[in-house]
Colleague: 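I am attaching a structure below and will ask some questions about it afterwards.
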2 protein chains.
Amino acid sequence: MTLAEENYLKAIFHLDLESEDEVSTNAIAERMETKPSSVTDMVKKLAEKKMLIYKRYKGAQLTEKGRKIAAGVIRKHRLWEVFLVEKLNFHWDEVHEIAEQLEHIKSDELITRLDNFLGNPDFDPHGDPIPDKDGVLKRTEKKLLSELEKNHSGVCVGVKESSGGFLQYLDKKKIAIGTKINVLGKEFFDGSMVISVGNEQFFISKLIAENLYVQTI
Amino acid sequence: MTLAEENYLKAIFHLDLESEDEVSTNAIAERMETKPSSVTDMVKKLAEKKMLIYKRYKGAQLTEKGRKIAAGVIRKHRLWEVFLVEKLNFHWDEVHEIAEQLEHIKSDELITRLDNFLGNPDFDPHGDPIPDKDGVLKRTEKKLLSELEKNHSGVCVGVKESSGGFLQYLDKKKIAIGTKINVLGKEFFDGSMVISVGNEQFFISKLIAENLYVQTI
DNA sequence: TTACATATTTAGACTAAGCTAAAAATATAT
DNA sequence: ATATATTTTTAGCTTAGTCTAAATATGTAA
Ligand SMILES: [Mn+2]
Ligand SMILES: [Mn+2]
Ligand SMILES: [Mn+2]
Ligand SMILES: [Mn+2]
């Protein structure tokens with residue numbers, strides 16, 4: 001697998017989670033920041049390698065083989081992110097770009113040892129689950145903060161968006177993985193909320209609430 | 001700098017240390033395991049980028065710019081090797097291939113933090129010096145074991161060859177970085193030696209003696 | 001059902017990095 | 001100094017991955 005092939009598989013894997021049926025050429029192109037024509041070429045190649053099933057004008061669907069390789073790359077990405085944050089003290093908004101590079105290092109032994117060195121973590125610094133050796137992704141019970149009703153509470157377990165800007169906003173508001181959040185009010189009209197975090201109480205927009213995962217308590 | 005460009009610069013840097021004048025096309029090709037015609041293309045490109053000075057039919061010479069980039073890649077390679085051995089408990093004969101990949105990860109911050117995490121080591125697991133941030137390579141006083149005379153002693157400080165086979169031979173003989181070696185006898189005719197290491201006493205061929213660096217005591 | 005809009009594929013071109021085979025320059029040995 | 005051998009370069013092809021522009025298929029709305 002080349003670096004480009006791995007990135008395509010990863011993108012298709014993620015898109016597959018977001019919607020059930022086959023993944024469209026344009027969706028892949030948008031996610032990869034490439035042109036649809038480039039995607040067509042690549043999915044044809046990946047289809048030849050039995051990584052996915054491709055039907056002209058329909059889209060792509062990962063095979064078990066392709067799914068496993070994608071999960072392996074995601075596993076590496078997330079383990080490296082844990083390393084960067086836990087061992088090198090990077091901040092959670094600084095690790096993604098570096099992990100994008102590290103995820104392509106090829107050595108099974110390396111990943112096994114890294115995993116052990118890190119204490120076999122289950123989640124990455126953004127709360128995303130780390131696939132196991134066989135590519136199995138543990139599904140956890142989590143919902144978006146926006147789904148909580150007034151007077152309900154949750155513990156932050158992850159972020160949907162993990163752009164620098166969003167993560168820095170959360171820092172400013174003292175929200176991190178493990179932080180308890182109480183919904184004090186919810187505006188039906190625009191989906192905004194008033195929440196309390198620790199002793200602070202403030203307003204958040206719908207956009208924020210829709211990008212924070214919580215586990216209800 | 002692409003991965004290929006970095007590898008060429010690294011090869012030329014190493015060849016430059018081994019002999020004073022400009023580095024020949026064939027020498028680069030041999031070291032890179034590519035064809036001379038490919039080397040010609042690449043050195044032209046690197047010359048355009050001011051990484052080296054290239055004179056047709058003469059060879060290549062790194063500029064300060066090229067030398068610094070090469071040293072940076074070597075710095076990364078050796079720091080990662082230290083990480084693999086010290087933190088992930090890899091054996092010294094298993095790390096080179098992985099470091100060949102890791103050395104191309106681009107992030108200054110990563111290397112700064114990795115360096116600190118490792119305690120700012122001066123040498124890699126094979127006894128090779130780690131260039132500093134500015135690409136300066138500390139020259140150390142060391143000689144080949146083959147240069148020692150009978151009844152002299154040295155401490156092993158590095159290996160010239162670091163192939164798996166050679167390193168495994170050293171393990172078998174209980175020779176590692178820091179091991180004291182006494183020359184009990186030296187055969188003028190074939191350069192072989194009788195040495196003692198700890199309580200053991202044995203014969204080594206010239207080939208071995210010419211690939212072990214020692215510091216005299 | 002026809003017409004328009006959108007999605008997708010095809011055709012053809014480009015760059016990076018490699019190769020082979022042939023040509024040209026340099027080095028060496030009589 | 002000439003002939004031969006070696007080294008290096010050039011010319012022309014190849015593959016991976018990308019792009020633009022044009023062609024084609026599919027979806028939608030009158
Ligand atoms: Mn990430
Ligand atoms: Mn992550
Ligand atoms: Mn090495
Ligand atoms: Mn080394």
Side-chain angles (χ1 to χ4, degrees), chain A residues 1-13 15-16 18-62 66 69-70 73 100-101 103-106, chain B residues 1-13 15-16 18-62 66 69-70 73 100-101 103-106:
Chain A
M1 288 288 100
T2 67
L3 186 144
E5 288 170 346
E6 287 187 346
N7 282 335
Y8 273 94
L9 290 179
K10 199 172 47 133
I12 297 168
F13 182 96
L15 290 166
D16 209 22
E18 288 164 23
S19 70
E20 291 315 298
D21 41 357
E22 49 269 288
V23 180
S24 80
T25 301
N26 268 10
I28 299 170
E30 193 170 341
R31 183 154 198 131
M32 301 278 304
E33 300 185 46
T34 89
K35 300 294 166 179
S37 53
S38 305
V39 173
T40 301
D41 284 348
M42 183 56 96
V43 295
K44 279 180 183 171
K45 182 156 61 121
L46 290 170
E48 293 226 325
K49 293 196 176 190
K50 309 286 184 207
M51 293 296 157
L52 48 79
I53 289 159
Y54 165 61
K55 293 207 199 82
R56 280 163 78 252
Y57 293 101
K58 293 285 281 205
Q61 247 180 328
L62 293 183
I69 288 181
V73 175
E100 283 292 308
Q101 299 179 61
E103 73 188 3
H104 301 290
I105 302 292
K106 281 165 189 46
Chain B
M1 288 288 102
T2 67
L3 187 144
E5 288 170 344
E6 287 188 346
N7 282 335
Y8 272 94
L9 289 180
K10 200 173 44 132
I12 296 168
F13 182 95
L15 289 167
D16 209 21
E18 288 163 23
S19 70
E20 292 314 299
D21 42 357
E22 49 267 288
V23 180
S24 80
T25 301
N26 268 10
I28 299 170
E30 192 170 340
R31 183 155 199 134
M32 301 279 303
E33 299 186 46
T34 99
K35 301 294 166 181
S37 53
S38 306
V39 173
T40 301
D41 285 349
M42 183 56 96
V43 294
K44 279 180 182 171
K45 183 155 59 120
L46 290 171
E48 294 227 323
K49 294 196 176 192
K50 310 286 183 204
M51 294 295 158
L52 49 80
I53 290 161
Y54 164 61
K55 294 207 199 82
R56 281 164 77 251
Y57 294 100
K58 294 282 280 197
Q61 246 179 328
L62 292 183
I69 289 181
V73 175
E100 282 292 310
Q101 299 179 61
E103 72 188 4
H104 301 289
I105 302 293
K106 280 164 191 45

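Lettering of chains follows the sequences in order, A, B, ..., and the numbering in each one begins at 1.
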Colleague: Other residues, nucleotides and ligands only: do more than 12 of their heavy atoms fall within 6.0 Å of CD on A:Glu100?
Modeller: yes
Colleague: Take the protein atom CG of A:Asp21 and the nucleotide atom C1' of D:dT26, then report the distance between them rounded to whole Å.
Modeller: 16 Å
Colleague: So B:Thr34, base contact, sugar-phosphate only, or nothing? Heavy-atom distance under 4.0 Å.
Modeller: sugar-phosphate
Colleague: Counting only heavy atoms not in A:Glu33 (residues, nucleotides, ligands), do more than 12 fall under 6.0 Å from its CD?
Modeller: no
Colleague: Do any side-chain nitrogens or oxygens of A:Tyr8 fall under 4.0 Å of OP1 or OP2 in D:dA16?
Modeller: no
Colleague: In this structure, how many angstroms lie between the P atom of D:dT7 and the CD1 atom of B:Ile28, rounded?
Modeller: 14 Å
Colleague: Around atom NZ of A:Lys49, are there more than 12 heavy atoms of other residues, nucleotides or ligands at under 6.0 Å?
Modeller: yes
Colleague: Provide, to the nearest angstrom, the distance between the CG atom belonging to B:Leu3 and the C1' atom belonging to C:dG18.
Modeller: 14 Å
Colleague: Kindly write out the residues that satisfy salt bridge (charged side-chain N to carboxylate O under 4.0 Å, His left out) with B:Lys55, not counting sequence neighbours, or none if the list is empty.
Modeller: none
Colleague: Can you measure B:Glu5 atom CD to C:dG18 atom P for me and round it to whole angstrom units?
Modeller: 10 Å
Colleague: Between B:Lys35 (NZ) and D:dT7 (P), how many Å, whole number?
Modeller: 14 Å
Colleague: Using a cut-off of 4.0 Å between protein heavy atoms and nucleotide atoms, how would you tag nucleotides 3-10 of chain C 5' to 3' with B, S and -?
Modeller: ----SBBB
Colleague: Where is the tightest heavy-atom contact between B:Pro36 and B:Asn26, given as atom of each residue plus distance?
Modeller: CG-OD1, 3.3 Å
Colleague: State, with a plain yes or no, whether a side-chain heavy atom of B:Glu6 is found less than 4.5 Å away from one of B:Lys106.
Modeller: yes
